[in-house]
Amino acid sequence: MAILPLLHYPDPRLRTIARPVATVDDQVRRLVLDMAETMYAAPGIGLAATQVNVHLRVVVVDVSEAQNDLRVLINPEITILGSDTKIHQEGCLSVPGVYDEVSRPDRIEVRALNAQGDPVSFIADGILSVCIQHELDHLNGKVFVDYLSRLKQGRIATKLVKAERDGALPQPEEAGLSATAHNSLMRLKAALG
Ligand code: NI
């Protein structure tokens with residue numbers, strides 16, 4: 001396993017539309033493990049392959065406080081349920097240090113393949129729903145900053161370009177891995193054989 005470097009906004013590679021995974025093979029499983037390790041090491045609650053410059057429809061999420069609820073979503077699709085929307089404070093590993101409010105549908109049905117290539121489906125609301133919608137946006141070349149005003153987008157881009165130039169943007173490190181996150185990774189690894 002390996003921690004992968006993250007792309008940072010406004011990197012144009014974050015605008016790439018990811019391709020569906022044709023077969024969940026060893027290469028995809030290795031990507032999933034590396035992405036999960038990268039997410040936990042940051043630490044973050046979700047990561048899309050786009051953010052590590054791999055343009056395949058692969059997402060990992062774990063919104064649990066204990067970092068013991070890892071979900072792998074390959075070729076994810078969502079259906080919005082009902083008309084409720086909720087406003088949440090969002091952040092993104094590709095937009096470090098920036099948090100702002102975004103309104104999204106609250107309840108969704110999620111269908112995807114898991115890391116074994118088996119179909120999974122579940123209903124999500126609250127933070128899990130927000131996180132999955134945020135990661136799906138990444139696969140479609142969209143960043144949460146796109147929901148903010150033009151003025152804010154400009155300020156964020158300027159700030160991050162300068163920070164990137166100054167080498168001041170954080171990259172995930174192995175030291176950031178909690179014991180429970182490590183256990184979650186080991187469980188996934190074991191499940192993948
Ligand atoms: Ni993000």
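Ligands are counted one by one from 1 in listed order, and the atoms in each one are counted from 1 as well. Here, residue 1 is the first one in the sequence, and each next residue gets the next number. Values reported hereafter were calculated over all heavy atoms of this structure, with side chains retained and with hydrogens, waters and symmetry mates removed.
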Quick check: is F122 connected to V63 through a chain of hydrophobic side chains (ILVMFWY, heavy atoms under 4.5 Å apart)? yes
Is a donor from one side chain sitting under 3.5 angstrom from an acceptor on the other, for S94 and Q51? yes
Within less than 2.8 Å of the Ni ion (ligand 1), how many protein N/O/S atoms are there? 3
Between the side chain of D137 and the main-chain N/O of K142, is any donor-acceptor distance below 3.5 Å? no
Which other residues end up in the same hydrophobic cluster as L14, if Ile, Leu, Val, Met, Phe, Trp and Tyr are linked when side-chain heavy atoms come under 4.5 Å apart? L7, Y9, V95, V98, V102, V143, F144, V145, Y147, L148, I156, L160, L169
Verify whether one side chain among R111 and T79 offers a donor that lies under 3.5 Å from an acceptor in the other. yes
Judged by modelled atom types alone, do D25 and T23 share a side-chain donor-acceptor pair under 3.5 Å? no
